[in-house]
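Notes follow the structure.
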Amino acid sequence: MITFGYDCPYCSKHDVAFTVHHITSHVKEKARYQGVSFHTVFATCNHCLNGISAVYKVDNSSVFVNNAPLANGLISAVSDNIPHFFDDIFNSELDWFPKPPTPEIPEYLPDDVKRKFSAGEKIYFQSKHDENLIEFAGTAYRSALEVALKQLDDSTDKNLNWRINSLVKKGLLVKSMGDFAHRIRSLGNDATHDMISLSALEELRLFVSLFLQYTFTLPAMIPDELKQEI
């Protein structure tokens with residue numbers, strides 16, 4: 001039995017245990033590839049039982065694994081009852097497929113905004129497999145908006161609705177972005193009252209990301225000399 005830790009692309013568990021269940025060794029192709037052998041590896045997540053696969057390429061096919069020639073050694077390590085760590089069997093990391101989901105964080109965010117949005121991203125991937133987490137992801141995205149608006153103007157502690165309207169009146173937000181922020185606020189309110197679906201959460205995620213890109217990412221990409229001209 002071969003086990004290792006990996007970020008599951010299905011249940012989004014971080015560094016969850018995977019178990020290798022099958023290895024197909026293409027030993028008949030060795031002569032064709034001048035001594036290089038290929039071995040297809042299949043493993044499953046111990047939490048959700050979904051599978052990932054990879055190809056293990058070995059330049060020296062005469063090596064021994066698990067006290068047996070390469071192909072036989074790999075197969076015996078899978079089928080025996082002895083726990084084997086990944087590094088004890090494989091001499092390199094494998095390029096597993098599918099890949100774990102990665103957060104899509106807009107660039108140039110203030111640290112506190114980035115922290116809130118990153119929390120939303122982390123919970124979002126988990127909520128795709130556990131609907132009980134949807135409201136928490138939505139609340140995190142709404143918090144990212146609140147912190148972002150405080151970056152623009154921290155002169156009041158009024159509620160989010162008042163703050164958005166105030167920023168529009170002061171010209172710190174154009175009206176269209178104010179409407180955008182209100183839509184985020186509305187979806188975020190639904191999330192705090194456990195009244196948000198996964199599709200609505202995905203809309204909320206997109207809107208917050210676009211708002212942050214407009215507010216922080218795009219302005220940071222403008223060269224300083226052009227900012228002075230503007």
Side-chain angles (χ1 to χ4, degrees), residues 1-26 29 33 36-59 65 70-71 74-75 77-79 83-109 111 113-141 144 191 196-213 216-217 221:
M1 179 176 65
I2 307 170
T3 61
F4 61 96
Y6 188 69
D7 294 344
C8 183
Y10 302 101
C11 65
S12 300
K13 292 288 185 180
H14 177 67
D15 199 27
V16 67
F18 273 74
T19 300
V20 175
H21 286 284
H22 184 72
I23 296 180
T24 299
S25 296
H26 309 283
E29 302 293 331
Y33 293 107
V36 177
S37 62
F38 295 85
H39 312 266
T40 303
V41 185
F42 177 75
T44 60
C45 171
N46 288 5
H47 180 259
C48 69
L49 304 182
N50 282 295
I52 58 176
S53 63
V55 173
Y56 180 43
K57 174 184 174 183
V58 183
D59 294 329
V65 172
L70 180 60
L74 289 173
I75 294 172
V78 172
S79 58
H84 299 285
F85 291 110
F86 186 90
D87 293 342
D88 294 336
I89 304 300
F90 300 95
N91 62 11
S92 63
E93 291 293 329
L94 302 188
D95 187 17
W96 295 104
F97 178 85
K99 302 290 186 187
T102 55
E104 300 177 12
I105 311 295
E107 294 184 290
Y108 306 114
L109 298 184
D111 289 341
V113 178
K114 183 177 180 179
R115 181 170 57 84
K116 293 288 187 180
F117 188 80
S118 297
E121 287 288 272
K122 181 178 180 180
I123 305 172
Y124 163 72
F125 289 122
Q126 296 177 343
S127 69
K128 297 178 74 172
H129 310 280
D130 184 352
E131 62 181 14
N132 293 321
L133 297 176
I134 291 178
E135 60 179 294
F136 298 104
T139 300
Y141 286 131
I196 187 171
S197 64
L198 179 59
S199 60
L201 174 63
E202 290 174 340
E203 180 184 0
L204 173 60
R205 177 187 183 230
L206 174 62
F207 281 1
V208 173
S209 177
L210 292 175
F211 182 89
L212 297 180
Q213 290 178 56
F216 301 107
T217 306
M221 294 173 65

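Along the sequence shown, residues are numbered consecutively beginning with 1.
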message: Between Y141 and F117 (judged by ring centroids, cut-off 6.0 Å), do the two rings come close enough to count as a pair?
response: yes
query: So, do F4 and W96 have ring centers that fall under 6.0 Å from each other?
result: yes
T44 side chain vs L49 backbone, donor-acceptor pair below 3.5 Å: no
- prompt: Counting N and O atoms only, with roles assigned by atom type, does the side chain of S127 sit under 3.5 Å from a partner on the main chain of Y124, one being a donor and the other an acceptor?
  reply: yes
task: Mind running ring-ring contact (aromatic ring centres under 6.0 Å, His included) on Y108 and F216 for me, showing each step along the way?
output: CA-CA 6 Å; Y108 306 114; F216 301 107; over 10 Å; no
message: The test is side chain to side chain contact (heavy atoms under 4.5 Å, CB included); show your working for F90 and V41 and say whether it passes.
response: CA-CA 11 Å; F90 300 95; V41 185; 4.1 Å; yes
query: Passes side chain to side chain contact (heavy atoms under 4.5 Å, CB included), V20 versus H84? Steps please.
result: CA-CA 10 Å; V20 175; H84 299 285; over 6 Å; no
Distance check, rounded to the nearest 0.5 Å: [X] atom [atom1] versus [Y] atom [atom2]?
X	Y	atom1	atom2	answer
I123	D130	CD1	CG	11.5 Å
K114	L212	NZ	CG	12.5 Å
Q126	E121	CD	CD	12.0 Å

message: With heavy-atom distances below 4.5 Å as the criterion, would you say the side chains of T3 and F86 are in contact?
response: no
query: Does L201 reach the side chain of L198, with side-chain heavy atoms less than 4.5 Å apart?
result: yes
task: Might you work through the side chain to side chain donor-acceptor pair (under 3.5 Å) test for D7 and S12, ending with a clear yes or no?
output: CA-CA 6 Å; D7 294 344; S12 300; over 6 Å; no
